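Following: one structure in structure tokens, then a few remarks.
Along the sequence shown, residues are numbered consecutively beginning with 1. On a predicted model such as this, the values are computed, not experimentally measured, just so you know.
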Amino acid sequence: EVQLVESGGGLVQAGGSLRLSCAASGFTSDDYGIGWFRQAPGKEREGVSCISRRDGNTYYAESWKGRFTISSDNAKKTVYLQMNSLKPEDTAVYYCAALDGPCSYYPLYTAGMDYWGKGTLVTVSS
């Protein structure tokens with residue numbers, strides 16, 4: 001059974017940084033992708049970034065390209081999202097999600113993900 005556990009959320013001031021972690025377990029092959037999604041209050045869940053385990057390819061939504069960086073530690077089976085220059089509008093619940101196959105199958109599409117974590121809340125104060 002695939003499990004995804006997020007951590008690293010919290011309260012930060014505008015302009016600050018946070019690093020989210022997603023600990024993954026239960027995959028039976030190395031052909032999968034792990035992405036970060038977020039859902040702001042009153043808004044739909046949206047894709048932020050994704051990284052493919054096998055080839056390391058990364059995908060970013062244009063809105064966060066340059067401020068957010070996704071990376072992975074394959075030995076620890078952990079994916080990170082480094083978030084810099086945070087803004088109050090970045091306040092959201094951030095979810096880790098995974099799909100069976102590379103990110104290119106469903107790059108940043110919520111409906112394309114097969115597994116979800118429970119989310120971690122990020123609050124950016126002004």
Side-chain angles (χ1 to χ4, degrees):
E1 178 186 4
V2 173
Q3 290 190 329
L4 304 169
V5 180
E6 304 97 334
S7 62
L11 176 64
V12 63
Q13 288 189 331
S17 299
L18 276 179
R19 188 178 79 159
L20 305 182
S21 299
C22 173
S25 63
F27 289 102
T28 58
S29 79
D30 67 350
D31 191 15
Y32 59 87
I34 292 183
W36 286 98
F37 292 74
R38 74 181 205 179
Q39 187 164 17
K43 296 189 177 181
E44 293 187 355
R45 195 171 300 185
E46 55 187 345
V48 176
S49 185
C50 190
I51 185 167
S52 297
R53 166 64 177 83
R54 182 170 282 180
D55 57 19
N57 283 345
T58 58
Y59 299 81
Y60 292 92
E62 282 298 320
S63 300
W64 298 286
K65 194 178 291 185
R67 286 199 301 128
F68 292 5
T69 303
I70 194 169
S71 62
S72 65
D73 183 331
N74 292 332
K76 294 182 179 180
K77 296 184 180 180
T78 299
V79 171
Y80 304 98
L81 184 69
Q82 177 68 42
M83 305 186 295
N84 298 327
S85 302
L86 284 163
K87 306 173 182 179
E89 51 264 43
D90 292 319
T91 294
V93 177
Y94 285 73
Y95 296 91
C96 176
L99 74 161
D100 291 318
C103 295
S104 58
Y105 280 7
Y106 294 104
L108 306 178
Y109 286 114
T110 304
M113 309 307 283
D114 298 305
Y115 314 98
W116 289 88
K118 294 182 178 180
T120 185
L121 177 62
V122 172
T123 303
V124 184
S125 64
S126 57

Once you round to the nearest 0.5 Å, how far does [atom1] of [X] lie from [atom2] of [Y]?
X: Cys96; Y: Trp36; atom1: SG; atom2: CH2; answer: 5.0 Å
X: Gln39; Y: Tyr95; atom1: CD; atom2: OH; answer: 5.5 Å
X: Phe68; Y: Ser63; atom1: CZ; atom2: OG; answer: 10.0 Å

Exercise for the section: State, with a plain yes or no, whether a side-chain heavy atom of Asn74 is found less than 4.5 Å away from one of Arg53. Expected result: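 Asn74 vs Arg53: side chains touch.
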
Practice task
Report yes if the side chains of Met83 and Trp64 come closer than 4.5 Å at any heavy-atom pair, otherwise no.
Solution key: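 Met83 vs Trp64: side chains apart.
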
Residues forming a side chain to side chain donor-acceptor pair (under 3.5 Å) with [X], sequence neighbours excluded:
X: Arg19; result: none
X: Asp73; result: none
X: Asp55; result: Asn57

Minimum heavy-atom distance [X]-[Y], with the two atoms named:
X: Ser72; Y: Val79; value: CB-CG2, 4.0 Å
X: Cys50; Y: Gly33; value: SG-C, 4.4 Å
X: Ser104; Y: Ser52; value: N-OG, 4.5 Å

If Ile, Leu, Val, Met, Phe, Trp and Tyr residues are connected whenever their side-chain heavy atoms lie under 4.5 Å apart, and connections chain through other members, are [X] and [Y] in the same group?
X: Ile51; Y: Met113; answer: no
X: Leu81; Y: Leu4; answer: yes
X: Tyr94; Y: Ile34; answer: yes
X: Leu99; Y: Val48; answer: no

Handout entry: Results of ring-ring contact (aromatic ring centres under 6.0 Å, His included) for Phe37 - residues two or more places apart only
Key =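 For Phe37 the ring-ring contact (aromatic ring centres under 6.0 Å, His included) partners, ignoring immediate neighbours, are Trp116.
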
Problem - ring-ring contact (aromatic ring centres under 6.0 Å, His included) partners for Phe27, two or more places apart - result: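 Phe27 satisfies ring-ring contact (aromatic ring centres under 6.0 Å, His included) with Tyr32 only.
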
Handout entry: Within 6.0 angstrom of Tyr115 OH, more than 12 heavy atoms from elsewhere
Key =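 Yes, OH of Tyr115 has more than 12 neighbouring heavy atoms, counting only those of other groups under 6.0 Å.
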
Problem - Check: Tyr105/Asp100 side-chain N/O donor and acceptor closer than 3.5 Å - result: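 The answer is no; no qualifying pair exists.
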
Exercise for the section: Go through the steps to decide whether Leu108 and Tyr60 satisfy the test side chain to side chain contact (heavy atoms under 4.5 Å, CB included), and finish with yes or no. Expected result: CA-CA 8 Å; Leu108 306 178; Tyr60 292 92; 5.6 Å; no

Exercise for the section: Determine yes or no for a side-chain-to-main-chain donor-acceptor pair under 3.5 angstrom, with Thr120 supplying the side chain and Gly9 the backbone. Expected result: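 Yes.
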
Handout entry: Sequence neighbours excluded, every pair satisfying side chain to side chain donor-acceptor pair (under 3.5 Å) that has a member inside residues 78-93
Key =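 For residues 78-93: Ser17-Asn84, Arg38-Asp90, Arg67-Asp90, Gln82-Asn84.
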
Exercise for the section: Start with the C-alpha gap between Leu20 and Val122, add the side-chain angles, then the distance that decides, and say whether side chain to side chain contact (heavy atoms under 4.5 Å, CB included) holds. Expected result: CA-CA 9 Å; Leu20 305 182; Val122 172; 4.0 Å; yes

